[in-house]
Colleague: 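Okay, handing you the structure first.
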Amino acid sequence: MIPKKPLTIFLPAVKLLLCLFFLFPTVLHAQAVNQVYIYPSANLYAHPNSNLNIYSDISHSGTFVSYDAALINFYSSIWQNNAGSRLPDESARGIDGVGGVFRFSDLLQLPQRINSMSPQPFNGFPNVRLDNSLNVTADLGNLHINNNLDFVNGNLILNNVDVNVGRQGTGTITGFSHRNFIVTGSAMTGGGLVRNTAGVPMSLDFPIGTDLASYTPLTINYTGIPQSIKFRVADNLYNKLNFPEYVNKTWIMSTTVIDASAKADLTLQHNSSEEGIEYFRNRDQAYVTRYDSKLTGLWDILPPVPTITPGTITLRAAVFGAYMNTRLNVATFKQIEYFSKSVIKKDIDENTPVNIPDAISPNGDGFNDVYEVVKRLPTDKIRFEVYSRNQVLVFQDFDYQNTFNGTGNMGGFMGNNLPDGIYYYLISVNGAKGIPGYLIINR
């Protein structure tokens, strides 16, 4: 079999390629070209009401102009915008018009990826329509969409990059739901959805979730100077054990400019499966809590606010089993803010574990000889397990009393000093979901 090679296209060939797009899309499909290169000197045009079909991967370094009402259907696996590439609309500057719609489709039953190499703000796609049940991943660089991001089918997965929708005061997201949204990943840091304000009060939806099965969106009504606002959502509670009085999610907000006069109303939506047991039992006492490192308990405590269900931060059917809570008049924003939900009614005591230790040095000098977890309340019951890097259980205590000194109590490790190195722990408080982490033994 003769191996297929990428197809290199010079300007005359680009014109022929466009002709084929318009007139003979099935010919390109039959040729099964692996990749089309659009060179820096190339200028392509998708005119009004044109309907282009692309069946090969795209490596784009030139200029691809799309006019209003043009539809560019992309069926292959990878669309890559290289450094210096442009995707302007029909306007003189290329960013002030409507532009065409770039539709990512699963016609060929392929997951798809958008690579953005050295992306420039506002030189991204004018409009993107996601119509792929196998999902589309944004990779390698931040994805810019100047006007509209439309969900028809599938999700947009962020591989540690941002997706920026709109420019100052513009940009819309349509078609989103609990089945079609932006997946940020579950970590506290990483990519997120960026939207842009214009210095007037604006209501912005952020249809995001940590994974394909966890849609946890928010709406912010924001008043402040023009700037970019980014949100992502993470599993677990920031800088704290997942106590049973919380929703095990953290919504993370970042802004480009600190605005002392900014104010916002924030509505968060979560699913019942993400609630701690005490939160579930006292849901009518819930409120949106904000992280504050100066507080003993790290998260502030407010009076309860109404819980609304089903969830309606969606442009399709309401989400049953989802719950919304709103916090009004949030102000004095730091550049990074953390929000979650809680049902705690009073200040918890000063023994709250602010940071679980990440290392012990059991050498008998009286410092850090044991792994000490300070209980939030004297009645708290802590289950503590330690695993080797090979995932072998070496220590287990169902009512931990700060006795682990680097000596195992399981299997062949019973009574033996564990070698120095990295180990993994699992801590559960009062039967709540276990929190994983790592610790270092260094004598």
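What you see below is based on every heavy atom in this structure, not just the backbone, and it leaves out hydrogens, waters and symmetry mates.
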Colleague: Is it true that the side chains of Thr326 and Thr267 contain a donor and an acceptor less than 3.5 Å apart?
Modeller: yes
Colleague: Just wondering, do Phe384 and Tyr371 contact through their side chains at under 4.5 Å, heavy atoms?
Modeller: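 Side-chain contact under 4.5 Å: yes.
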Colleague: Answer whether the closest heavy-atom distance between the side chains of Leu266 and Trp251 falls below 4.5 Å.
Modeller: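 When only atoms from C-beta onward are counted, Trp251 and Leu266 do not touch, as no gap falls below 4.5 Å.
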Colleague: So, for Thr170 and Asn146, which heavy atoms are closest and what is the spacing to 0.1 Å?
Modeller: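 Shortest heavy-atom separation between Thr170 and Asn146 comes out as OG1-O, 4.0 Å.
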Colleague: Give the intermediate values and the outcome of salt bridge (charged side-chain N to carboxylate O under 4.0 Å, His left out) for residues Asp300 and Arg290.
Modeller: CA-CA 6 Å; Asp300 64 7; Arg290 183 182 186 182; 5.9 Å; no
Colleague: Just by modelled atom types, is the Lys230 backbone N or O under 3.5 Å from a matching donor or acceptor in the Arg195 side chain?
Modeller: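 Checking the backbone N and O of Lys230 against the side chain of Arg195, no donor-acceptor pair under 3.5 Å is found.
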Colleague: So Phe176 and Leu149, do their side chains get closer than 4.5 Å, heavy atoms only?
Modeller: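 Result no, sub-4.5 Å side-chain heavy-atom pair not found.
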Colleague: Using ring pair (Phe, Tyr, Trp, His ring centres under 6.0 Å) as the criterion, list what pairs up with Phe102, not counting sequence neighbours.
Modeller: Phe64, Trp79, Phe125
Colleague: Do Asn196 and Ser228 have a side chain donor and acceptor closer than 3.5 Å?
Modeller: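 Note: Asn196 and Ser228 side chains meet the donor-acceptor criterion.
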Colleague: Would you say the side chains of Asn81 and Ser116 form a donor-acceptor pair under 3.5 Å?
Modeller: no
Colleague: Quick check: Tyr215 with Phe181 (ring centres under 6.0 Å apart)?
Modeller: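 They qualify: ring centres under 6.0 Å apart.
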Colleague: How about Asp131 and Phe104: do any of their side-chain heavy atoms sit closer than 4.5 Å?
Modeller: no
Colleague: Hey, does Met188 have a side-chain heavy atom less than 4.5 Å from the side chain of Ile252?
Modeller: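 Yes. Closest side-chain heavy atoms under 4.5 Å.
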Colleague: Of all the heavy-atom pairs spanning Ile208 and Val233, show the shortest one and how long it is.
Modeller: CD1-N, 4.0 Å
Colleague: With salt bridge (charged side-chain N to carboxylate O under 4.0 Å, His left out) as the criterion, how do Arg327 and Asp265 come out once you've worked through the C-alpha distance, each side chain's angles and the decisive distance to 0.1 Å?
Modeller: CA-CA 6 Å; Arg327 179 165 178 158; Asp265 298 338; over 6 Å; no
Colleague: Taking the side chain as every heavy atom from C-beta outward, state whether Val330 and Tyr222 have any atom pair closer than 4.5 Å.
Modeller: no
Colleague: Does Tyr291 have any ring pair (Phe, Tyr, Trp, His ring centres under 6.0 Å) partners at least two apart in sequence or in another chain, and if so, which?
Modeller: Tyr238, Trp299, Tyr338
Colleague: Evaluate the side-chain hydrogen bond (donor to acceptor under 3.5 Å, both in side chains) criterion for residues Asn159 and Asp139: first the C-alpha distance (whole Å), next the side-chain angles of each, then the deciding distance (0.1 Å), finally the verdict.
Modeller: CA-CA 5 Å; Asn159 187 12; Asp139 207 357; 2.9 Å; yes
Colleague: State which residue, out of Arg283, Gln269, His270, Glu274, fulfils the side chain to side chain donor-acceptor pair (under 3.5 Å) condition with Tyr323.
Modeller: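 That would be Arg283; it is the only one of Arg283, Gln269, His270, Glu274 passing the side chain to side chain donor-acceptor pair (under 3.5 Å) with Tyr323.
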Colleague: Would you mind reporting whether Leu134 and Leu110 have side-chain heavy atoms less than 4.5 Å apart?
Modeller: no
